[in-house]
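Whatever order the structure lists ligands and atoms in, that order sets their numbers, starting from 1. Please read all numbers here as calculations on a predicted model, not as lab measurements.
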Amino acid sequence: MTTIQVGDQTFQLYLSETDISARVKALAEILNTDYQGKNPLFIGILNGVFMFIADLFKHLTIDAELGFVRLSSYQGMQSSGDLHQKMGLDKDLANRDVIVVDDIIDTGNTLSKFVADLQRNYPTARIKVLTLLSKPSARKVAFEADYVGFEIPNVFVVGYGLDYDECGRQWPAIYQLYSNSE
Ligand code: XMP
């Protein structure tokens, strides 16, 4: 079994680079169809989304714009529940097609608050949500993305942009916390 060490934890391979790139390409193709002629604005949630959004953009054939925000509600492996915006958005979203892009939806706290704030500030924006990973069984608030790469169980994952205490983002595959019970 392929394992990696990140900080004080061992992780085992969960989604290979090949699986991820095939799914990212398929998501881009769906967006190419759904957003043909609409020039959507993608808003990436940093830092975890950087690898996913870069790969996604390589497969877009539609006109699209890109912006980023930096939010934080996580420390170590736990969501604190409080949302802090560390880097804001310098775009006008009025009457725009907007796609908020995140790496993973866990409790749902981060995106439900962020998307509600965005919609309140820009009532005419048509906002959809895209996430590479979703953990439906970890939700604390009801929130679903419009586009989901992979639904995964409630396991902590790293790699492909996702971190454990800021480490492990560089791996091209996704790894889950090692469990020797399997
Ligand atoms: P919530 O709970 O607000 O969390 O939906 C969203 C943010 O929490 C981080 N997160 C993770 N990061 N492995 C990580 O590396 C995970 O398994 C994980 N679960 C949640 C992530 O930053 C996400 O945007």
Kindly confirm or rule out an N or O of [X] lying under 3.5 angstrom from an N or O of ligand 1.
{"X": "Leu111", "value": "no"}
{"X": "Gly108", "value": "yes"}
{"X": "Thr107", "value": "yes"}

(message) Please determine whether the number of non-hydrogen atoms from other residues, nucleotides or ligands lying under 6.0 Å from atom NZ of Lys128 exceeds 12.
(response) no
(request) With the side chain counted from C-beta on, respond yes when Gln12 and Thr2 share a heavy-atom pair under 4.5 Å apart, and no when they do not. (result) no
(request) Could you check Ser134 against Arg139 for side-chain hydrogen bond (donor to acceptor under 3.5 Å, both in side chains), going step by step and ending with a plain yes or no? (result) CA-CA 9 Å; Ser134 175; Arg139 288 293 188 283; 2.7 Å; yes
Just jot down the ligand 1 atoms closer than 4.0 angstrom to any heavy atom of [X], in number order.
{"X": "Leu162", "value": "12 (N), 13 (N), 14 (C), 15 (O)"}
{"X": "Asp106", "value": "1 (P), 2 (O), 4 (O), 5 (O), 19 (N), 20 (C)"}
{"X": "Thr110", "value": "1 (P), 3 (O), 4 (O), 6 (C)"}
{"X": "Asp102", "value": "24 (O)"}
{"X": "Asn109", "value": "3 (O), 5 (O)"}
{"X": "Val155", "value": "17 (O)"}

(request) Decide ring-ring contact (aromatic ring centres under 6.0 Å, His included) for Phe57 and Phe42; before the verdict, give the C-alpha distance in whole Å, the side-chain angles of both, and the deciding distance to 0.1 Å. (result) CA-CA 10 Å; Phe57 259 63; Phe42 287 77; 5.1 Å; yes
Side chain or backbone of [X] under 4.0 Å from ligand 1, or both, or neither, by non-hydrogen atoms?
{"X": "Lys135", "value": "side chain"}
{"X": "Val158", "value": "neither"}
{"X": "Asp103", "value": "side chain"}

(message) Looking only at the side chains, is there a donor atom on one of Tyr35 and Asp63 sitting less than 3.5 Å from an acceptor on the other?
(response)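 The answer is no; no qualifying pair exists.
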(message) Any donor-acceptor pair under 3.5 Å linking the side-chain atoms of Thr18 with those of Arg23?
(response)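 No, because no side-chain N or O of Arg23 sits under 3.5 Å from a partner of the opposite role on Thr18.
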(message) As an exercise, state the distance from CG of Leu56 to CG of Leu27, rounded to the nearest 0.5 Å.
(response) 7.0 Å
(request) First locate atom OG1 of Thr61, then atom CD of Glu29, and finally report the distance between them rounded to the nearest 0.5 Å. (result)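 The CD atom of Glu29 is 8.5 Å from OG1 of Thr61, to the nearest 0.5 Å.
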